[in-house]
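Please read the structure below before turning to the comments.
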Amino acid sequence: YNYLGFVYVENYRGPKNKYESAICQTGSISSCIQATKSPLNIYDWSTKSTRSPLQVLYNYRKFLKTICPDCSINSNVMPTFGLSNINSLSSRPLSNINLNEPLVPTEEFTYIKRKSNDLNNQNIPENISTEYLNKKGIIIAGGTNLEYENYVSEISQALDWPVIVEPPHICVGDNMISNSSVSLQSKNQELKPEVVLTIGRTGLSRQVNQLIKETKVVLSCAVPSVITNSLAKQKIGGLFKIPAKQNNTEWKNSWINHGKMVFEKIQKMLSSFSPISSLHVVDLLIRKLPIDSHIHLSSSFAARDFDLLISNEYHSPFSNGKVSVSMNRGVNGIDGVVSTAIGAALVNKKSTFAFLGDIATIHDLNSFVIPKLEKIPDITFIICDNNGGGIFNTLEQADVEDFERVYGTPTNIDLVNVIKNLDIDAKYINELKDLEKELNETKGIKVLVVKVTSRVNEADLRKNLLSIS
């Protein structure tokens with residue numbers, strides 16, 4: 001959430017080429033709320049996101065009261081509203097929208113504990129339709145901290161269906177599919193599900209979104225709003241009742257065994273690849289991060305690589321859900337990573353680590369400068385330095401003219417020397433075994449810079465990994 005940063009824009013030129021006033025929120029929610037007509041329209045400037053702009057609208061009056069308690073607010077300012085995408089300009093009115101997540105958190109707001117809402121105008125759990133129980137199904141469980149962890153484990157055991165978890169560091173038992181982002185690339189028709197059951201907020205990865213889109217029958221429970229999985233055959237705000245034990249063991253084991261095969265191939269490919277890549281560093285962190293520690297991930301490849309490699313087959317504290325994880329998206333993905341990681345280290349009592357790249361580090365370099373009267377956190381930063389923005393080497397613009405100047409943005413700086421000049425302990429790591437030794441102690445701020453292979457080589461490695469399923 002971006003709590004502050006509303007800007008009132010006069011003479012906003014609306015989609016119908018008419019000048020109208022608008023209220024725009026700066027930050028990651030790129031939206032403009034028309035504030036002059038009834039019914040109101042939201043014009044979404046982001047890609048496909050609709051829920052966040054709707055939240056802004058729903059909580060606008062409460063937000064104004066929060067920042068200006070003495071202001072007089074017209075209670076009739078927004079009686080009804082609909083939704084329109086600025087790209088297609090097609091009106092899609094929404095009715096009976098349940099938006100109960102405040103823009104500014106309040107003491108009585110407990111989203112993580114919420115088990116149901118009023119999507120069905122009742123809080124009574126429903127049975128899953130019997131016609132779906134013996135189908136080939138996959139469970140996709142999501143949520144910031146997977147609010148329904150025990151429930152997911154219970155219903156997957158009852159249905160005898162395999163599970164994909166988002167975010168992937170949460171462990172819900174032996175039914176989890178290994179390396180799901182790779183496993184879902186399989187073209188094997190025998191692994192094609194007939195039903196997908198989503199629990200909570202899902203869709204962090206493109207592979208999961210594609211699976212939901214392509215499956216004919218989608219069942220959804222614990223959905224955060226009516227917008228989520230709008231085409232689901234059966235959808236409730238609460239939780240489905242745990243059904244009687246089903247016998248879909250052969251189907252479930254086909255996915256579990258496929259995931260194990262994918263894990264083995266990934267490990268073989270990593271062991272045969274040299275020099276060190278960012279994926280080798282992630283592999284080590286998944287194996288060796290201490291139990292009950294915490295890691296903060298940067299956006300882009302830092303998060304994607306953990307999602308790419310995570311598997312129950314590691315049998316490590318991380319893969320068993322004994323390492324907590326945080327990350328922040330930011331406006332452009334990489335801003336504020338260093339400062340957020342430092343904040344995470346200050347508020348928890350765990351050994352804390354941060355994993356990021358050289359560009360994200362440089363973007364927030366000033367956050368290493370902490371006033372001497374402030375508390376110094378205990379945190380180890382692990383920085384993979386590939387001299388630029390590696391994700392762009394995997395996208396379609398990788399071969400365009402002036403790619404390095406526009407997208408790669410190499411800096412050629414001595415990152416360790418720069419950070420040392422900020423009075424921070426920093427050193428280069430040349431061997432993975434040396435990095436492993438550094439994970440045993442986090443005292444003060446420590447920065448470890450791993451010089452990894454070129455961005456081009458890493459792009460090829462990721463492409464090969466994603467194709468092995």
Side-chain angles (χ1 to χ4, degrees), residues 27 276-278 281-282 284-285 288-290 293-303 305 324-391 404-405 408-432 434-455:
I276 297 174
S277 71
S278 298
V281 176
V282 171
L284 176 72
L285 293 175
K288 299 299 182 180
L289 280 173
S293 62
H294 179 85
I295 186 166
H296 183 80
L297 304 180
S298 181
S299 295
S300 198
F301 274 144
D305 286 349
S324 58
V325 180
S326 62
M327 65 175 292
N328 61 310
R329 176 60 183 169
V331 177
N332 291 307
I334 61 171
D335 41 325
V337 175
V338 174
S339 57
T340 308
I342 288 174
L346 287 171
V347 298
N348 70 55
K349 298 180 180 179
K350 302 177 179 181
S351 297
T352 302
F353 303 86
F355 179 64
L356 63 166
D358 54 298
I359 297 297
T361 303
I362 295 168
H363 196 82
D364 201 23
L365 197 64
N366 61 311
S367 293
F368 283 116
V369 181
I370 299 176
K372 296 305 178 183
L373 297 180
E374 299 298 323
K375 182 179 179 181
I376 303 298
D378 296 325
I379 180 171
T380 298
F381 286 87
I382 299 133
I383 302 169
C384 286
D385 185 359
N386 57 9
N387 196 26
I391 192 169
E404 282 295 279
R405 182 186 177 198
T409 62
T411 60
N412 299 322
I413 67 170
D414 183 341
L415 202 51
V416 165
N417 188 49
V418 169
I419 295 172
K420 278 185 174 181
N421 283 327
L422 299 175
D423 199 23
I424 298 293
D425 180 20
K427 67 166 113 175
Y428 282 112
I429 297 293
N430 298 313
E431 300 285 343
L432 289 176
D434 296 331
L435 176 60
E436 181 179 349
K437 294 176 183 178
E438 296 287 348
L439 301 180
N440 297 323
E441 181 181 359
T442 55
K443 186 66 177 177
I445 300 179
K446 179 170 60 177
V447 175
L448 309 172
V449 180
V450 185
K451 283 283 191 180
V452 295
T453 189
S454 71
R455 288 177 273 116

For Ser326 and His294, does a side-chain donor sit closer than 3.5 Å to a side-chain acceptor?
yes
Please identify each residue that fulfils side-chain hydrogen bond (donor to acceptor under 3.5 Å, both in side chains) with Ser339, with sequence neighbours left out.
Asp364
Please name all residues satisfying side-chain hydrogen bond (donor to acceptor under 3.5 Å, both in side chains) with Asp358, sequence neighbours left out, ordered by chain then number.
none
Has Lys288 got more than 12 heavy atoms of other residues, nucleotides or ligands less than 6.0 Å from its NZ?
no
More than 12 heavy atoms of other residues, nucleotides or ligands under 6.0 Å from CG of Asp414: is that the case?
yes
Here the gap from Leu356 atom CG to Ser299 atom OG, rounded to the nearest 0.5 Å, amounts to 10.5 Å
Charged N-O contact under 4.0 Å between Asp434 and Lys427:
no
Tell me whether Asp378 contacts the main-chain N or O of Gly444 through its side chain, where contact means a donor paired with an acceptor under 3.5 Å.
yes
Between Asn387 (side chain only) and Thr411 (backbone N and O only), is there a donor and an acceptor less than 3.5 Å apart?
yes
The ring-ring contact (aromatic ring centres under 6.0 Å, His included) partners of Phe301 (sequence neighbours excluded) come to none
So, using ring-ring contact (aromatic ring centres under 6.0 Å, His included) as the criterion, who are the partners of Phe355 when residues are at least two apart?
Phe306
For a 4.5 angstrom cut-off between non-hydrogen side-chain atoms, does Ile370 reach Ile445?
yes
Validation row: Thr352, Leu346 side chains within 4.5 angstrom (heavy atoms)
no
Checking side-chain contact (heavy atoms from CB on, under 4.5 Å) for the pair Asn366/Val338: CA distance, chi angles, key distance, verdict?
CA-CA 9 Å; Asn366 61 311; Val338 174; over 6 Å; no
Taking only residues two or more places apart in sequence, or in another chain, which ones meet Val418 in a side-chain contact (heavy atoms from CB on, under 4.5 Å)?
Leu365, Ile413
Applying salt bridge (Lys or Arg N to Asp or Glu O under 4.0 Å), can you list everything that pairs with Lys437, at least two apart in sequence or on another chain?
none
Out of Asp385, Asn386, Asn430, which residue meets the side chain to side chain donor-acceptor pair (under 3.5 Å) rule with Lys451?
Asp385
